[in-house]
**Student:** 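Structure provided below as structure tokens; questions to follow.
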Amino acid sequence: MDIYKNSYSITEKIKLLKKEGKSIGFVPTMGALHQGHISLIECSKRNNDITVVSIFVNPTQFNNPDDLQKYPRTFETDKEKLNLANCDILFYPSEKEIYPQNDSNISFDLGILDSIMEGKHRPGHFNGVATVVSKLFKIVLPDNAYFGQKDFQQLAVIKHINSEYLKNLNININACKIIREKDGLAMSSRNVLLSKEYRKNASMISEVIFESQKLSKKLSVGELKNWVISKFEQNSYLELEYFDIVNNITLEQVNHWNESNTKVACIAVYAGNIRLIDNIIY
Ligand code: PAF
């Protein structure tokens, strides 16, 4: 695996590979790699000649400085995992490389995406994601980019900026399914930060959303939301931040089942001071 830290050098290398007719798959990450990331890499490897992974803990997407400081950084084990997964190129830029001093802030119009669910509870988060992803796309120039469906709203944001702001790059956005631990907890780099008791209780998040899918056949939207709220009220380790049911394309709130054919239920829960998200398609 070749490692690049410099944007200019990796762009030149990619341009050369593309001239040779090679297709480029790209998996942007913030490191602390787990099986969810590996599944994205496997997907990229099946469909592209060259797979590029980036590791960059992006400061502009953290609305909480404590969360940024705590975010796990495990570069040496990440490198081993990437070698085992046969990643071809790793892009590991410094903060200065992505955000040079003379860089100006970019502001994206994300429509409702920035004011609902994650957007509402993490102000500025998606503008930070959009900023870094657009910078990375312009550096790596992939044909295909891969993102996990666990971050459902992030995926919608990335599809939006790709079609509204980055059309000329011709990048296909590929969504990959959520990878779960044995007890159902959606894999996340933040899971390693959970202490034993919180980790044990965190499995309730997926249990509740799986059960909510079944109950959606019997209960109204309002009744279902109340059922979810009451489940979390009974668990002193977990605090529900939101449980919302939205149209899975527009992400507009669904108040009655007949408002949309396919819906996605999205949830955010605090396990102590660790924030976990998950979702399920109804
Ligand atoms: O999902 C993530 O790990 C990050 O939000 C991403 C897409 C790599 C941007 O920093």
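The chain is numbered in sequence order, starting from 1. All values below come from the heavy atoms of this structure, side chains included, with hydrogens, waters and symmetry mates left out. Order of appearance sets the numbers: ligands from 1, and atoms from 1 within every ligand. Computed from a predicted model, the values in this text were never measured in an experiment.
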**Student:** What are the atom names and distances for all N or O pairs under 3.5 Å between ligand 1 and the protein?
**Tutor:**
from: ligand 1; atom 1: 1 (O); to: Gln154; atom 2: NE2; distance (Å): 2.9
from: ligand 1; atom 1: 5 (O); to: Gln61; atom 2: NE2; distance (Å): 2.9
from: ligand 1; atom 1: 5 (O); to: Gln154; atom 2: OE1; distance (Å): 2.7
from: ligand 1; atom 1: 10 (O); to: Gln61; atom 2: OE1; distance (Å): 2.6

**Student:** What is the ring orientation for Tyr242 with His121, classed by angle as parallel under 30°, tilted 30 to 60°, or perpendicular over 60°?
**Tutor:** parallel
**Student:** What pairs meet the ring-ring contact (aromatic ring centres under 6.0 Å, His included) rule with one or both residues in residues 1-54, with sequence neighbours excluded?
**Tutor:** His34-His37
**Student:** Tell me which pairs pass ring-ring contact (aromatic ring centres under 6.0 Å, His included) where either residue lies in residues 149-193, with sequence neighbours left out.
**Tutor:** Phe108-Tyr165
**Student:** Sort out for me which residue in Val27, Thr29, Val53, Ile3 forms a side chain to side chain contact (heavy atoms under 4.5 Å, CB included) with Leu82.
**Tutor:** Val53
**Student:** Is the number of heavy atoms from other residues, nucleotides or ligands within 6.0 Å of NZ (Lys231) greater than 12?
**Tutor:** no
**Student:** Scan the side chains in residues 85-96 for donor-acceptor partners under 3.5 Å anywhere in the protein, sequence neighbours excluded, and list what turns up.
**Tutor:**
from: Asp88; atom 1: OD2; to: Thr51; atom 2: N; distance (Å): 2.7
from: Ser94; atom 1: OG; to: Lys96; atom 2: N; distance (Å): 3.4
from: Ser94; atom 1: OG; to: Glu97; atom 2: N; distance (Å): 3.1

